[in-house]
Every structure is written in C-alpha cells, then in structure tokens.
Amino acid sequence: MKKSTPSSKRNRKTPRKSPRNGRRPWFWRFVFRAGAIGLVLLAGWTVYLDAVVTSRFEGRRFEVPSRVYARPLELYDGASISASALERELELSGFRKGDGSRAGTYQRSGGRFVISTRGFRFPDGKESRRRLALTVYRDRVEKFSVLSGDASPIVRLEPAQIGGIYPSHKEDRILVQLEEVPALLPTTLMAVEDRNFFDHAGIAPLSIARAMLANIRAGEIVQGGSTLTQQLVKNFFLTRDQTLVRKGNEALMSLLLELHYEKGDILETYLNEVYLGQAGTRSINGFGLASQFYFGESLRDLQEHQIALLVGMVKGPSYYNPRRHPERATKRRNLVLSEMEEAGLIDSVRAAKARGKPLGVSARPSYSENRYPAYIDLVRRHLARDYREEDLRSEGLRIFTTLNPAIQNAAEYAVTDTLSRLASGETRKALEAAMVVTAKDSGEVLALVGGRDPQYAGFNRALDANRPIGSLIKPFIYLAALEQPERYTLITPVLDKSFTLEFDDGRRWQPKNYDKTERGEVPLHEALSHSYNLPAVRVGLDIGVDVVKDTLQAFGVTSSISEYPSMLLGSVTMNPVTVAQMYQGLATSGFNTPLRTIREVTDAGGEALSRYSLEVDQVADPAAVHLVQYAMQETMQEGTGKSAYYTVPEELTLAGKTGTTDDGRDSWFAGFSGDLLAVSWVGRDDNGPTSLTGASGALPVWSRFMAQVPQHSFSPVVPDGVQYQWVNAERQALTKEHCNGARLVPLISGSEPTQTVSCSGNLQRQIEGWFEGLFR
C-alpha cells in the first residue's frame, strides 16, 4: 500500500502544477483588462484635454483691458503751456530725459526742448515719428520746428495713458504680433529657455534628463527641462502645483498643442502670455507691456541689453525685479548676454559693450493703474451708457478722453495745498474737498478731483457727495426773473427785509440773511453780487418756485427738486459735477452743453466705434443770461468773490458765485474765465459744521487753481437786444456817466428806465467825466 505506482506518481505531480498554470491566465487577463481600461480612460482624458486646448486657442486667447488716454498735447507756435507743465506731460507720456534723438526721449535746457516722438496711431490717422525743437517763453511755445520727419506746423504728442479697465483676474498686456517683435527677442528667448524649440514635438525628453542630472549634481533646482510649449501650457491652462498629475497633463497638452498649431503661433502666444512682473494688483503679462512698464519704450525700440534683461526675468520676475534688486538683475542680464554671445546672436564686442551698460530702467512705471481714479470713475459712468462692462474689460478698446494732465495737476495741487491751510485742529483733519474743471465752451471735463487725496480710489465726492448748494442757486432765480424784462431788470429794487411764511399745516418759515442784517431796498444786481438771502427768496416766490425749478432742469439738473420755498436758499442737493453742468449753461450764454469726458472710442485695431461730438441746446434767453453774467462779474469785483484777487492777477476778468449752507457744512464756489469753468466744494464727510463760508473755504481752492493756469479773461459778446446804459439805480432813471451813483449796466431793449436825471450840482465829477471821455 505504501508503494506507489507510476501512474499514481503522475497523479501526485499534477496537483502541484495546476495552481501555477491557473493563475497565469487570470493575472494576464487582469493586466490586459486593466491596461485596456487605462488606455480607454487615457484616450478619453486626451480627448478632453484636446478639447480644452483647441477651444482656448480657437477662441479669444486673451482678455485685453481697455486703455484710457488723456487728450493729446498739441505743440505749435503760440501753444499755451509752461515749461514745467510740458516736462511733466512728457514724463507722464513715458518720455525720458536723454539726447532727444532716440525715440521717446527729450532734452531740456531752460526753456529749450528737443523732443523725439515715437509716433502714435490716433483715431483719425497715424502721427509719424518726428524730432522737434521748440522754446517755451512766458508760458507760450515759440520757435517751433520739425528737425526730422514729416514737416508739420502742429504736432500731436503721444497721449499719456491715464488708466485702464482691467479683466477681473487683473492681467494686463499689450498684444504684439510675431512680425512686430525684434528678431533678437525670440532668438534670445530660445537660446536661454529652449534651444530645440523648432525641433521637438512639445516635450524634450533629453532636456528633461539633462536637467534632472544637473539638479541631482547641484543638490537643488538649477536647471529646468521644460520647453517653451510646456511653459506656455503651464501658464495658460494649468496651475503651478508640482504634482505628477499636473506634469502628465502638461506633457499631454504640449503634444496636443504642437499637433494642432504652428510653431510661430505657439511662440507668439508665449510672448504675449509670459508673466513678467506685478504693478499693485495688476500683473504684467507679455513682452509688449513689460517693455513699456520697465523701459517706457516700445518693444521694437529695445536694445540688446534691454532684451537680455526681459528674457532673463522670465526665470523669476520678482526675484530679478530690476527696480527692487538691480544688482541681482544685472547679474542675470549679463548671464543672458553671455548666452546670446555663445549662441552667436551677438559678437563678443557687442556683448561686452552691452554688459557695460546700466539697466536703463525708468524710475517709475510709465503705465500705472489709474493715475486719476476720480476722473476714470466718471469716464466709466459715461461709457456705461454705450458699452457693456464685459466688453470694456476684455476687448482691448482704446478710449480717448478729454483729461488735460496740466489742468488736472493744477486742480490737485489747489485742493491739497489749500485744504491744509483752512480751519484748524480737528476740523482741518476732517475737511474734504472736490473740484471739477471744464472747458468753458465745449463742456469737456479737463480735470476732476474726488477728495483731498487725489490718488485715493474710494468715495468720489465730485460725483457722489450730494450736498445742498446754498447760494449757488441764486443766479438761476434771478435768471428766471430777468427773462421777464417787463418786471425785472438789474436795477429793479428788491426788498431786503425779513418776512414769515405760514403754511397750511401751521408751520412757519422765516428766512434770514447770513449776516442777520436787513438793508431795505437794494438793486437786483447788488442783491445777487452780495448774495443777500431775503431778496432772492422774495423774487423766487414772486416768479414762482416751479419756474425756478424748470430753469434748473433746463440747465441740466436731472435729480429730484422739491418745490418747498427753502429750495430758493439752496436746500436742493447736487454733486459738484451736476453743479458744473448747471453753470456750463450760464458760462455759454444759455446754451446747455452736456459735459463730456470721452472724445472717441476705437477697437483694438484702431477702428472708430463711437465719436462723442459737441452738443448744444439753447435753454435760456442769451440776453437774460448776459445780465446774470454781468452780476457774476460784479460778484468778483465788488461782492462775495472779490477776495479771489488776493491770489488771481487783477487783469484776469472772472465771473462767479459763492455758496454756503447752514453752519458752514458746505462751502461752494462756481465760476469761469474766458477758457475754463471750475467748481469747488469744501466740507466734511460726516456733514459736520465748519467755520467756513463759500468765500473762505471753496473760493481759496478755486482761486489757487485759477492762478496757476494760463488763460484769458471772460469777455462775453453782448447779445442782440442788450444795450449798456448809464443809470441811477437808486432813482430808477437813466443818467450821465459822470453823475454820482452812475453805473453802466446792461438792459434788455424795452426795459430801460423812462426817466432821466441830471447831476448839474457835481462840477468836479463832470470835469472828471469829460477828461475820462477824452482819453477813452
């Protein structure tokens, strides 16, 4: 029984072999099936990645912010500008001090300037590059000439970019096309980052292996093996996570990108995508913007050492930031120059010369994020009428505004400098201000200040501080009255005496003058120029509160206006921009001109999308407006605005009006010269009291601004139907020039006094009048 047969031996071996032979088919089946499933998943994932790659590349690759420009500075013989203002504007536009020969540089010697322009594509055509020479003498351009370039009596400088409307991810870039880029840039980029760019299919295994070996030897990351395609994929589609999954996706997407698109297309996208720095919350993407940001120059004008610096910064824009780490950046730039020399892109002499140059980085970025936030705020509100916010953020529109940098600078200085001199203690700290400046005839907004800190992008008082306007309403009350010449003229006596209004519900209202004084009868022009309250209310009630309301609305006020009698003392609330709109009609003799901040909008290619032309609507009788202008000039000469001439030259004729609300909570001034209209407001954000009036708060701000800006006197043309007559206002009669109390005033034809008084008793005045007439 213990002896086994051969057949039984065979039977014992079979069980030892059968389990091993049984596992092998199962294992390979598992491997095969797992592999098949993996391939299916990989194929599906690849199809998904392919869709991601192609959809982004086939559609709009970049969201390009809209760029907002100031008005262009025109230079010609006789142009009005000071030497300091010209230099400021050149710097604002990104010009640099230099020899005046290289594009984008200027040379100044006293009032003598040599400027080399870059050229610029305006909506109405391209302004070519030129080299200019001119002298600024007494705030005027003289001896203007074009040294090289197309001859022209007038040359427009490239306008300053004053802001942008950025995508939500805050990426900023200037798109460039490959053919616009200097050839040295892509060749240098490839020499440093990817020497086999035109030979690989998106990934370079040998480069990766070489980099791994170098890193292992160094014990740290000293070399990257990513191709330009991989870098683009990482920046364009993926995160910066160092994971195998991300690296795998990067490799797959790089292969797909190379499969679908030409090398040139990939390279151009890389040049526009690469991250090269940070400006506040805004990222600097692409070489086009980086060139402007660091050098203030167009990409096409860069020199070898500048190209080397930008390419060197690809490795670490923050680490090699030339403004913060110049030594580190210089070392990196020189290393790139050596690689350029090694690759044969430049010879050794040029490389050595380039290494010896300074970095050449401008002191501050030529493009900054919204230099004038309050003004840009108004521009955006105007754009919102015609454009969607989404398009403004992504379509690369070019918006040409009316901002005048020199005027804006003067307005900002007037606000900040004057505010520190007003009031004292806690009140001084709490004081805020706003200012609006427009071109008197066109309604173009030249400057806007939203607070004592013009760089603060928060609460914009010029637009959002709606406050009672006080006596700023009075010219419109008297205008409504003077449009009835059969009832009111400038010499009509109005009663400056208190009275009480009793309403149906039993409430009583008793207006008072600011100084609590009553003067009895005064002529209308004096009541306006000295801003007496009681006559204004009496006249307003006489012609009707509804008529005054209609007048305000005709002059552009769209906000709600109550018809309570208190409205006649300025209880109606407005912001400074609305006040400027209202006074624009007074400055232009009754022709309402909607305020404009935008002249033109073009698409990214320069094609015009919108033009905002001058619009004029006659809303009042020019003859009546002329009479009000007369009284507003009197305000500056004899009335509440006369202290302006402590600051402004006496020969500059102005017209204006003060405004004050209870307890000095709001101090206003609105006025104009022959060129400019300006409105200033001073008060507190908490609506607290101050010790200021319109004359002691807003007027000093206004005057300081007016004193800085070259301009012409206000000298209105006398409209048809208006005649100037010598009158005796006290006696409501025509008189002679040399008589006591004689005043030359404008009167609408038919409203002249019917009586005449003589002044035979004043021989001395007669003789003075005779001599004055002899030499007139």
Q: Flag the pair R381 and D464 as a salt bridge only when some basic side-chain nitrogen lies within less than 4.0 angstrom of an acidic carboxylate oxygen.
A: yes
Q: Hey, is R743 close enough to E634 for a salt bridge, meaning N to O under 4.0 Å?
A: yes
Q: Is the number of heavy atoms from other residues, nucleotides or ligands within 6.0 Å of CD (E638) greater than 12?
A: yes
Q: Where do A631 and L528 come nearest, in terms of heavy atoms and distance?
A: CB-CD2, 3.3 Å
Q: Please check if the side chain of T418 supplies one atom and the backbone of V415 the other of a donor-acceptor pair under 3.5 Å.
A: no
Q: Scan residues 468-492 for pairs that pass salt bridge (charged side-chain N to carboxylate O under 4.0 Å, His left out), counting only residues two or more places apart or in two chains.
A: R487-D542
Q: Step through the shown structure and confirm whether more than 12 heavy atoms of other residues, nucleotides or ligands are within 6.0 Å of NZ on K549.
A: yes
Q: Is there side-chain contact between T438 and L446, with at least one heavy-atom pair below 4.5 Å?
A: no
Q: Starting from the C-alpha separation in whole Å, work towards a yes-or-no answer on salt bridge (Lys or Arg N to Asp or Glu O under 4.0 Å) for E89 and R71.
A: CA-CA 11 Å; E89 186 138 350; R71 65 92 184 87; 2.6 Å; yes
Q: Are any of the side-chain nitrogens in K497 or E518 under 4.0 Å away from the carboxylate oxygens of its partner?
A: no
Q: At their closest point, which heavy atom of T735 faces which heavy atom of N728, and how far apart are they?
A: CG2-N, 3.6 Å
Q: Answer yes when E432 and R684 have at least one side-chain N-carboxylate O distance shorter than 4.0 Å, and no when they do not.
A: no
Q: Take a 6.0 Å sphere around CD of Q755 and say whether it holds more than 12 heavy atoms from other residues, nucleotides or ligands.
A: no
Q: Please check if the number of heavy atoms outside D617 that lie under 6.0 Å from its CG is greater than 12.
A: yes
Q: Do other residues, nucleotides or ligands put more than 12 heavy atoms under 6.0 Å from F499 CZ?
A: yes
Q: Using a strict cut-off of less than 4.0 Å between a Lys/Arg side-chain nitrogen and an Asp/Glu carboxylate oxygen, indicate whether E444 and R599 qualify as a salt bridge.
A: yes
Q: Identify which one of T573, T660, T661 satisfies the side chain to side chain donor-acceptor pair (under 3.5 Å) criterion when paired with D666.
A: T661
Q: Indicate the atoms forming the closest heavy-atom contact of L419 with A433, along with that distance.
A: CD1-CB, 3.8 Å
Q: Between D685 and R461, is the closest basic N to carboxylate O distance under 4.0 Å?
A: yes
Q: Going by side-chain contact (heavy atoms from CB on, under 4.5 Å), L448 matches just one of N460, D377, T597. Which one?
A: N460
Q: Counting only heavy atoms not in D515, do more than 12 sit closer than 6.0 Å to its CG atom?
A: yes
Q: Quick check: are there more than 12 heavy atoms from other residues, nucleotides or ligands sitting under 6.0 Å from CD of E730?
A: no
Q: Closest approach of Q629 and A587, non-hydrogen atoms and distance?
A: NE2-O, 3.7 Å
Q: Side-chain contact, heavy-atom cut-off 4.5 Å: Q633 with L654?
A: no
Q: Would you check if L676 and F705 make a side-chain contact, meaning some heavy-atom pair closer than 4.5 Å?
A: yes
Q: Do any pairs count as a ring-ring contact (aromatic ring centres under 6.0 Å, His included) and have a residue in residues 620-659, sequence neighbours left out, and if so which ones?
A: H626-Y724
Q: Looking at residues at least two apart in the chain, or sitting in another chain, which of them share a side-chain hydrogen bond (donor to acceptor under 3.5 Å, both in side chains) with K440?
A: none
Q: Please confirm whether the ring centroid of F714 lies under 6.0 Å from the ring centroid of F672.
A: yes
Q: Closest heavy-atom contact between A411 and A447?
A: CB-CB, 4.2 Å
Q: Nearest heavy-atom pair of S82 and D139: which atoms, and what distance?
A: CB-OD1, 3.2 Å
Q: Is the gap between the ring centers of F476 and Y583 under 6.0 Å?
A: yes
Q: Between N687 and R467, does any side-chain donor sit less than 3.5 Å from a side-chain acceptor?
A: yes
